Amino acid sequence: MTNTDDLREWYLRYVADLNAHKFDGMEQFIADDVVLNGEPGQREDVIAVQKHDIEAVPDLRRGAQRRARCACAADYGFLPMP
């Protein structure tokens, strides 16, 4: 398994836990200290935002899509995706 495969599997577990509203194990996905909307914060702050989103939109589901790697030269640029 490559590092990209490992990262993808880890992210899919994170998305599955979010969709199942399993917030107790978020320490395996979210650091203790974070930057949230440009401001210093804590894991609990991120979880509070996620819970708020679910309260506002109860059937909210997150997903993961595989994106092709690209580098484009235009008026704006794209960063390569793993």
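Since the model is a prediction, treat every value here as computed from it, not as a measurement.
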Stepwise side chain to side chain contact (heavy atoms under 4.5 Å, CB included) test for Leu18 and Phe23: CA-CA 7 Å; Leu18 286 176; Phe23 297 105; 4.1 Å; yes
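There is a path of hydrophobic side-chain contacts, each under 4.5 Å, that joins Val46 to Trp10. Both Met26 and Leu7 belong to a common hydrophobic cluster when Ile, Leu, Val, Met, Phe, Trp and Tyr are linked at side-chain heavy-atom distances under 4.5 angstrom. Criterion: ILVMFWY side-chain heavy atoms under 4.5 Å apart, direct or through other members. Under it, Ile54 and Leu36 are part of a common hydrophobic cluster.
Each salt bridge (charged side-chain N to carboxylate O under 4.0 Å, His left out) pair with one or both residues in residues 48-57, not counting sequence neighbours, would appear here, but there are none. Residue pairs that meet the salt bridge (charged side-chain N to carboxylate O under 4.0 Å, His left out) test with at least one member in residues 27-49, sequence neighbours left out, are Asp32-Arg43.
Using a 4.5 Å heavy-atom threshold, the side chains of Val49 and His52 count as separate.
Residue Glu9 holds its CD atom at 7.0 Å from CG of Asp5, rounded to the nearest 0.5 Å. Atom-to-atom distance recorded for Phe29:CZ and Tyr11:OH is 11.0 Å, nearest 0.5 angstrom. Here Tyr14 contributes atom OH and Gln28 contributes atom CD; the two are 11.0 Å apart, rounded to the nearest 0.5 Å.
Considering all non-hydrogen atoms of both residues, Arg61 and Asn19 come closest at CA-OD1, 3.4 Å.
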